[in-house]
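Just so you know, ligand 1 is whichever comes first in the structure, and atom 1 is the first atom listed for that ligand. When a residue number appears, it is its place in the shown sequence, counting from 1.
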Amino acid sequence: MSEPNPELIQTIKQRLEIIESNVTLAAEKSKRNASDVLILAVSKRQPLSIIEAAYACGVRCFGENYAEEADEKIKQLSHLTDIRWEMVGHVQSRKSALVAADFSRVHSLDSLKLARRLDSARASQQSPQPLEVLLQLNVSGESSKEGLPAWEKDQWEGLLPIVSEILSLAYLRLTGLMTMPPLFDDPQRTRPFFQRLRQVRDFLNQQIPGIGLTELSMGTSADYSVAVEEGATIIRIGQALLGPRIYPQGN
Ligand SMILES: *Cc1c(COP(=O)(O)O)cnc(C)c1O
């Protein structure tokens with residue numbers, strides 16, 4: 001096991017401090033507590049050395065996009081037993097077993113088929129625990145975006161039977177919503193999409209009593225301050241924390 005490079009640790013530490021202070025400012029603006037916002041380090045296409053350096057800075061929650069790339073890293077870093085791995089990328093249903101085994105939370109649940117597969121994969125584990133999931137919504141209408149359609153208010157009704165079925169699956173625990181809005185040069189332009197995700201969460205909480213959705217996974221390096229102002233409870237930060245991605249794309 002190589003010791004992480006001290007300069008790399010220093011660099012990531014400084015970036016983390018900047019992000020934390022921006023989160024604090026944004027939380028104050030909207031009368032929220034910064035401690036209610038999780039900074040998830042998105043480590044896709046980053047080498048182990050970067051993850052180890054971030055770990056040395058106290059980062060414990062890492063987000064990955066590609067099941068196989070993640071599986072490799074998770075095995076290699078299995079000695080860091082308190083890391084929490086979260087899936088943020090699109091999951092092909094044939095990768096369900098791998099994802100159900102490796103991750104403690106999936107942000108990118110975008111179909112009932114995937115929900116059923118993850119549920120049964122999780123159920124067949126030894127002493128199974130429910131897998132925490134977030135429903136990924138497309139709140140922009142961009143065709144390139146994954147997620148269930150929710151950019152128009154009259155689409156929200158259509159989410160109810162899907163959400164109800166997910167709630168009926170014993171080995172999934174639905175706690176909130178996730179979105180990936182379009183990328184703009186001006187982060188203010190993403191604000192309406194973050195607001196929309198929050199409105200959908202409030203709508204679902206109203207329509208399905210007892211569902212108690214709390215999580216809003218929204219905001220990346222480009223726009224996390226605006227996301228926190230609009231209620232993000234998880235921001236998914238890649239390059240602003242870990243630097244440019246270098247590792248070739250896996251699958
Ligand atoms: C890559 C990725 C991120 C992080 O993006 P950065 O711009 O590097 O902060 C967040 N969420 C998802 C779903 C991603 O794929």
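No side-chain donor-acceptor contact under 3.5 Å links Ser217 to the backbone of Met178.
Counting only N and O atoms by type, the side chains of Asn22 and Thr24 include no donor and acceptor under 3.5 Å apart. Under the 3.5 Å distance criterion, with hydrogens and angles disregarded, no donor-acceptor pair is assigned to the side chains of Glu86 and Ser104.
The nearest protein atom to atom 2 (C) of ligand 1, hydrogens excluded, is given as Lys44 NZ, 2.5 Å; this is a heavy-atom distance. Here the protein heavy atom with the shortest distance to atom 6 (P) of ligand 1 is Ser221 OG, 3.5 Å.
The distance from ligand 1 to the heavy atoms of Ile237 drops below 4.0 Å at these ligand atoms: 9 (O). Proximity to Gly238 (heavy-atom distance under 4.0 Å) selects the following atoms of ligand 1: 4 (C), 6 (P), 8 (O), 9 (O). In summary, the atoms of ligand 1 found under 4.0 Å from a heavy atom of Arg236, numbered by their order in the structure, are 4 (C), 9 (O), 10 (C), 11 (N), 12 (C), 13 (C). With ligand atoms numbered from 1 in the order given, ligand 1 contributes 6 (P), 8 (O), 9 (O) to contacts under 4.0 Å with heavy atoms of Gln239. Taking every heavy atom of Asn65 and a limit of under 4.0 angstrom, the matching atoms of ligand 1 come to 14 (C), 15 (O).
When all heavy atoms of Gly89 and Ser108 are compared, the closest pair comes out as O-OG, 2.6 Å. Residues Ser43 and Glu69 share a closest heavy-atom pair of O-OE2, 4.2 Å.
For Phe62 and Trp85, the gap between ring centers is short of 6.0 Å.
Under a 4.0 Å heavy-atom criterion, Arg245 is in contact with ligand 1.
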